[in-house]
Number of protein chains: 2
Amino acid sequence: MCSVKRRDDRTAAARIRDAAVELFGREGFHKATVRDIAKDAGVSPALVLHHYGSKSGLRDACDEWVVEEFARARTEMVESGTSTDPFAAMALIQGEEVRMAYLLRSLREGTPAAGRLFDGLVEHSLRMMEQGVRTGELRPSRNLHDQAVLLVAWQFGGLLLQGDVARAFGTELNSREMKERYIRAVLEVMTHGVFSDSRYEDAWNELEPTESVSEGAMEHD
Amino acid sequence: MCSVKRRDDRTAAARIRDAAVELFGREGFHKATVRDIAKDAGVSPALVLHHYGSKSGLRDACDEWVVEEFARARTEMVESGTSTDPFAAMALIQGEEVRMAYLLRSLREGTPAAGRLFDGLVEHSLRMMEQGVRTGELRPSRNLHDQAVLLVAWQFGGLLLQGDVARAFGTELNSREMKERYIRAVLEVMTHGVFSDSRYEDAWNELEPTESVSEGAMEHD
DNA sequence: GTCTATATAATGATAGAC
DNA sequence: GTCTATCATTATATAGAC
């Protein structure tokens with residue numbers, strides 16, 4: 001806003017992609033127009049199509065870019081110090097607000113790229129949880145893979161609905177109080193569960209008559 | 001498809017609304033066009049706008065209708081046999097596939113109506129959970145209200161991401177196997193939690209230095 | 001109440017100069 | 001590579017007849 005034309009190392013194509021990631025994330029694919037993206041990138045609408053062929057092509061480029069960035073962050077995390085906290089996996093996608101917004105929007109819109117991210121995070125969480133079980137920090141599960149899927153879905157669900165959570169809490173979105181109360185609630189449930197007697201344990205046994213999965217069924221490619 | 005013109009008790013306005021609920025839910029607000037809605041309702045596009053003023057007005061009418069229907073179902077459930085299972089609250093919004101699709105789409109698109117539904121379900125769940133605690137089926141929580149918010153968000157999150165869950169499970173969406181495995185995973189986490197030692201209990205105590213909430217803070221209107 | 005036009009506006013995409 | 005037109009399509013919304 002301070003100056004229309006500012007020094008920028010990025011090529012026009014990169015500026016367009018970055019502007020698109022931000023606008024797609026904030027407004028959604030449909031509402032974000034090629035004109036708006038061009039304006040934010042400081043180029044003409046025609047150049048957007050020239051570089052990416054079509055609006056759809058631009059989205060594909062954004063998908064690829066964001067997926068790559070997340071994969072890079074995940075690799076870095078694994079190679080550096082490793083935590084076995086199943087929620088630490090979420091830390092790697094926090095912080096980068098713009099990419100995060102893009103990811104959440106993609107998840108809402110159900111794009112293939114979001115699916116790949118989801119799958120990747122499940123795999124990553126599963127590996128960390130396996131290690132957590134080995135070190136004794138986590139309870140062994142009858143099906144660790146399914147549990148990883150569930151936890152990732154819940155974490156993303158909480159992120160997708162954070163506006164509703166904030167409102168129900170009566171706090172500002174992303175305020176310190178909201179985060180604290182959310183973490184407290186998560187911690188409590190994840191430590192104790194919510195059921196107090198063996199009634200649901202019985203229900204469980206009824207559901208699982210014969211087969212016993214110990215290490216997590218990995219039959220999906 | 002079997003016959004273009006069929007006997008139908010509903011007024012044209014009602015047919016339009018029903019068609020809109022279905023199309024908004026299936027395609028989203030943007031992608032579902034007035035023309036398509038009119039076609040499905042068996043009327044002209046102009047009549048749609050005549051009755052509801054604008055496409056937005058039509059959405060408002062759909063919101064009101066769907067919210068009303070869910071409220072009615074919830075009231076019926078409370079007045080009949082009452083379960084204290086915190087997940088039984090979700091049962092009342094299952095089954096009605098079309099309205100459910102509309103609700104999930106509204107949640108994805110972040111409409112105010114979805115927010116009202118969310119809040120209503122939190123209140124309802126909280127009441128059931130309070131009863132569950134009294135009867136001893138549920139563990140007492142340090143903040144039952146926040147826990148209710150979390151559980152509703154997670155349940156909705158799982159619903160929102162059921163496509164990803166099915167894929168990660170390697171099952172068909174809505175297949176019997178998928179539902180069973182999902183329920184098993186939920187039951188396990190909700191019964192035992194996932195953490196095995198007191199490390200996170202300590203983290204909890206650090207987070208909560210002085211205040212102690214026992215019955216759930218209800219400071220939100 | 002319901003229809004057949006039609007107005008109006010916005011959008012993705014193209015052509016062709018520089 | 002980048003721009004200025006411009007096209008073609010599609011959308012919501014309106015006017016006015018029946």
Side-chain angles (χ1 to χ4, degrees), chain A residues 3-65 102 105-106 109 111-113, chain B residues 3-65 102 105-106 109 111-113:
Chain A
S3 72
V4 175
K5 197 186 189 76
R6 57 178 176 278
R7 197 102 37 203
D8 198 328
D9 286 2
R10 299 169 297 169
T11 64
R15 288 205 312 277
I16 291 168
R17 181 207 55 212
D18 291 348
V21 168
E22 183 162 352
L23 271 177
F24 284 156
R26 208 169 58 221
E27 314 280 356
F29 180 73
H30 244 103
K31 223 182 158 195
T33 68
V34 173
R35 283 170 168 78
D36 290 342
I37 292 165
K39 195 177 174 187
D40 279 18
V43 299
S44 71
L47 192 62
V48 174
L49 285 315
H50 170 73
H51 277 305
Y52 295 100
S54 68
K55 192 185 181 186
S56 237
L58 176 56
R59 185 194 3 210
D60 292 343
C62 291
D63 283 348
E64 195 179 355
W65 169 255
Y102 185 88
R105 178 69 65 174
S106 300
E109 295 179 350
T111 69
Chain B
S3 73
V4 176
K5 198 185 188 77
R6 57 177 176 279
R7 197 101 40 199
D8 199 329
D9 287 2
R10 298 169 297 169
T11 65
R15 286 204 313 276
I16 291 168
R17 181 207 56 214
D18 290 348
V21 167
E22 184 162 352
L23 272 178
F24 285 156
R26 209 170 56 220
E27 314 280 355
F29 181 73
H30 243 102
K31 222 180 157 196
T33 69
V34 174
R35 285 171 165 80
D36 291 342
I37 293 164
K39 196 177 173 187
D40 279 17
V43 299
S44 72
L47 192 62
V48 174
L49 285 314
H50 170 73
H51 277 305
Y52 294 99
S54 68
K55 194 185 179 183
S56 238
L58 176 57
R59 198 226 310 248
D60 293 342
C62 290
D63 284 347
E64 195 180 355
W65 169 255
Y102 185 88
R105 178 70 65 174
S106 300
E109 295 178 351
T111 69

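So that the names make sense, note that chain A is the first sequence line, chain B the second, and so on, each numbered from 1.
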Exercise for the section: Scan residues 43-58 of chain A for pairs that pass salt bridge (charged side-chain N to carboxylate O under 4.0 Å, His left out), counting only residues two or more places apart or in two chains. Expected result: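 Sorted pair list comes back empty.
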Practice task
Scan residues 22-32 of chain B for pairs that pass salt bridge (charged side-chain N to carboxylate O under 4.0 Å, His left out), counting only residues two or more places apart or in two chains.
Solution key: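 For residues 22-32 of chain B: B:E22-B:R26.
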Completion exercise
Taking Watson-Crick and G-U wobble contacts under 3.5 angstrom, with | marking pairs to another strand and [ ] crossing pairs, the secondary structure of DNA chain D is written ||||||||||.|||||||
Handout entry: Listed once per pair and sorted, the ring-ring contact (aromatic ring centres under 6.0 Å, His included) pairs that draw on residues 29-58 of chain A, sequence neighbours left out
Key =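 Sorted result for residues 29-58 of chain A: A:F24-A:F29, A:H30-B:H30.
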Exercise for the section: Find which nucleotide of DNA chain D each of B:H30 and A:H51 is nearest to by heavy atoms, and output the residue with the more 5' nucleotide. Expected result: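 Per heavy-atom nearest nucleotide, the more 5' residue is A:H51.
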Show the nearest heavy-atom pair for residues [X] and [Y], with the distance to one decimal.
| X | Y | value |
| --- | --- | --- |
| A:V34 | A:P45 | CG1-O, 3.9 Å |
| A:L23 | A:A32 | O-CB, 3.8 Å |
| B:I16 | B:I37 | O-CG2, 3.8 Å |

Practice task
Check every atom of C:dT2, D:dT12, C:dC3 against the side chain of B:S44 and return the nucleotide holding the closest atom.
Solution key: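 The answer is C:dC3, which lies nearest to the side chain.
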Atom-pair distance ([atom1] on [X]; [atom2] on [N]), nearest Å:
| X | N | atom1 | atom2 | value |
| --- | --- | --- | --- | --- |
| B:R59 | D:dA13 | CZ | P | 12 Å |
| B:D36 | D:dT12 | CG | C1' | 13 Å |
| A:L47 | D:dG1 | CG | P | 9 Å |
| A:L58 | C:dT11 | CG | C1' | 15 Å |
| B:E27 | D:dA11 | CD | P | 12 Å |
| B:K31 | C:dG12 | NZ | P | 15 Å |

Practice task
Name all residues meeting the side-chain hydrogen bond (donor to acceptor under 3.5 Å, both in side chains) criterion together with B:T33; count only those two or more places apart in sequence or in a different chain, and write none if there are none.
Solution key: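 Testing B:T33 for side-chain hydrogen bond (donor to acceptor under 3.5 Å, both in side chains), a comparison that skips the adjacent residues, returns B:D36.
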Handout entry: Donor-acceptor contact below 3.5 Å, side chain A:R10 vs main chain A:R15
Key =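 Between the backbone of A:R15 and the side chain of A:R10 there is no qualifying donor-acceptor contact (under 3.5 Å).
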Exercise for the section: List the protein contact pattern of nucleotides 13-18 of chain C with one symbol per nucleotide (5' to 3'): B for base contact, S for sugar-phosphate-only contact, - for none; contact means a heavy-atom distance under 4.0 Å. Expected result: SBB---
Practice task
Can you sort out which residues in residues 13-20 of chain B have a heavy atom within less than 4.0 Å of DNA chain C? Ascending by number, please.
Solution key: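 Within this stretch, nothing sits under 4.0 Å of the strand.
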Which atom pairs, one a donor and one an acceptor, fall under 3.5 Å between side chains of residues 56-64 of chain A and the rest of the protein, sequence neighbours left out?
from, atom 1, to, atom 2, distance (Å)
A:D63, OD1, A:Y102, OH, 2.5

Exercise for the section: Drop me the distance from A:S44's OG to A:R35's CZ, to the nearest 0.5 angstrom. Expected result: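 Reported to 0.5 Å precision, the distance equals 11.0 Å.
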